[in-house]
Number of protein chains: 2
Amino acid sequence: MLKMAILGFLRDFPLHGYDLKNRVAALAGHVRPIADGTLYPTIKKLEEAGCLTRRTAPGSVAAPRHMLEITQEGTDQLRRWLRSPEPVFITDDNKWYVLLAFLHHLDNPREQSIVLARRREFLDQPAQLFFDEQGRPVPPDRLESPFRKGLMQIHRSVNLTEIDWLDGQIAELDRRAGYTAATAREA
Amino acid sequence: MLKMAILGFLRDFPLHGYDLKNRVAALAGHVRPIADGTLYPTIKKLEEAGCLTRRTAPGSVAAPRHMLEITQEGTDQLRRWLRSPEPVFITDDNKWYVLLAFLHHLDNPREQSIVLARRREFLDQPAQLFFDEQGRPVPPDRLESPFRKGLMQIHRSVNLTEIDWLDGQIAELDRRAGYTAATAREA
DNA sequence: AAGATATATATCGACTCCGAGGTAGAACAC
DNA sequence: GTGTTCTACCTCGGAGTCGATATATATCTT
């Protein structure tokens, strides 16, 4: 997840580690800062893998910065992750939202649409969150805990909101992909 | 998170590992199954810490089950985690929803209200998710990516839904806590 | 009769990430 | 002038989790 976020941000424009840290924190955990001990070793690994290069530049107020730039290899890797995300990126909300934040780097509307459809399919499964002693699902109105009731209520509302957006977005992307295909045939 | 979920479920009624696995999967990742290699060592650790005991019982169709029961020590531990959750349990949606699923095990409405208020306070912070090259926040309507736009839109809608529910719930709990205090003073 | 599937438990190596610690310079408050 | 905060980088140990692998039984399918 962190690797995707780093390459995704660098695809927009070059950044140094400290800046990256703040951007990832704002996006991923909203406000949960990403630890230095996580960020810097990950940058190092991406550099060793040839996904990014660094240039030392003078710091604005303090120590010199390492300006990071994404390479062609890094761009390819990012696109592979976005095009064929692992299942957990579809089902884990945190990871999904990070993926969504960089999906525009996949420049083919058809490919974007396919990823959104995977999420859409996942959200379609009705949520059975709680079960009784015999293993039978307990419907929201039978739950004794008001917190569990609220949890399911919120969960349902959130899902409907996202499904709504997904449907509109998928339709729009498919329309555009259709035009692109038609234009390509004409030419 | 997994430890809290295990003790939380066992607080309702005794369960064996396999059953626990399915319940945690349904709740936590919604559908993301928790790996065996995660569950069983965690159960073992909780047992060693005196938080649960196990009794071997014949399996319904297969190998013998280890029926797990929570101890007084385990109940105390669970309540401590619920009463004073670490910051990440407030800010990470996945973890927060797990906490919410077991908050009814904290039987004092005042304590429950305090936890909800912490979440409420966190949600009040306006989300600045994306920044431009100069580090200035980019408002949703200025974002070029429709995915980022959707992301912020959904995020906002979700927050409002949860805030609404939290406010109602906190008011109800405080009302009840007031009554309890009044009744206690009368007696 | 053989193979797949569901139940049920357990270990091990790998990976991700965090938290605590260290280095260092500039700005700002007291 | 001294302490604190913010910028900026880095390492090490540990916690948590996953995926692969192993074992075993019962049922259902072919």
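Letters go in sequence order (proteins before strands), and every chain restarts at 1.
- As a whole-Å value, the separation of R65(A) CZ from dC10(D) C1' is 18 Å.
- Atom-to-atom distance recorded for D124(A):CG and I163(A):CD1 is 5.5 Å, nearest 0.5 angstrom.
- Nearest nucleotide to the side chain of A35(B), out of dG19(D), dC18(C), dA8(D): dG19(D).
- Annotation: proximity of residues 42-56 of chain B to DNA chain D (heavy atom, distance under 4.0 Å) is found for no residue.
- More than 12 heavy atoms of other residues, nucleotides or ligands sit less than 6.0 Å from atom CD of E172(B).
- For the pair H66(B) (side chain) and G17(B) (backbone), a donor-acceptor distance under 3.5 Å is absent.
- Between the P atom of dG19(D) and the CD1 atom of I34(B) lies a distance of 10 Å, rounded to the nearest Å.
- Computed from coordinates, the K95(B) NZ to dA15(D) P distance equals 15 Å when rounded to whole Å.
- Looking at R148(A), its side chain does come within 3.5 Å of a backbone N or O of A101(B) through a donor-acceptor pair.
- Distance alone, capped at 3.5 Å, places no donor-acceptor pair between the R79(B) side chain and the L106(B) backbone.
- Side-chain atoms of T71(B) come within 3.5 Å of backbone N or O of C51(B) as a donor-acceptor pair.
- Atoms OH (Y40(B)) and P (dC18(D)) sit 14 Å apart, rounded to a whole Å.
- Non-hydrogen atoms lying under 4.0 Å from DNA chain C are contributed by L2(A), K3(A), all within residues 2-9 of chain A.
- With sequence neighbours excluded, the residues forming a ring-ring contact (aromatic ring centres under 6.0 Å, His included) with F9(A) are F102(A), listed by chain and number.
- A pairwise comparison of heavy atoms in K149(A) and D141(A) identifies NZ-O, 4.5 Å as the closest pair.
- When distances run from any side-chain atom of M1(A) to the nucleotides dC18(D), dC17(C), dC10(D), the shortest one goes to dC17(C).
- Taking both residues in full, the closest heavy atoms of P85(B) and F89(B) are given as CB-CB, 3.9 Å, listed atom of the first, atom of the second, then distance.
- Using a cutoff of 4.0 Å between basic side-chain nitrogens and carboxylate oxygens, R118(A) and E86(A) are not scored as salt-bridged.
- In this structure, H66(B) places its NE2 atom 13 Å from C1' of dT7(C), rounding to the nearest Å.
- In this entry the distance linking CE of M67(A) with C1' of dT7(D) reads 14 Å, nearest Å.
- Look at T38(B) and you won't find any side-chain N or O under 4.0 angstrom from OP1 or OP2 of dG16(D).
- Counting non-hydrogen atoms of neighbouring residues, nucleotides and ligands closer than 6.0 angstrom, the CZ atom of R175(A) exceeds 12 such neighbours.
- Each end of the helix from dA1(C)-dT30(D) to dC30(C)-dG1(D) gets its own rotation axis from five pairs of C1' atoms, and the angle between them is 30° to the nearest 10 degrees.
- Counting only distance, with no hydrogens or angles, the side chain of Q169(B) and the backbone of F147(A) share no donor-acceptor pair below 3.5 Å.
- The salt bridge (Lys or Arg N to Asp or Glu O under 4.0 Å) test applied to R23(B) returns D19(B), not counting sequence neighbours.
- For a distance-only test at 3.5 Å, the side chain of D36(A) qualifies as a donor-acceptor partner of the base of dC9(D).
- For the pair L39(B) CG and dT11(C) P, the computed distance is 12 Å after rounding to whole Å.
- Within 6.0 Å of CZ on R83(A) lie more than 12 heavy atoms contributed by other residues, nucleotides or ligands.
- Residues from residues 10-19 of chain B placing a heavy atom under 4.0 Å of any atom in DNA chain C, listed by number, are H16(B), G17(B), Y18(B).
- For the pair K21(A) NZ and dC6(D) C1', the computed distance is 10 Å after rounding to whole Å.
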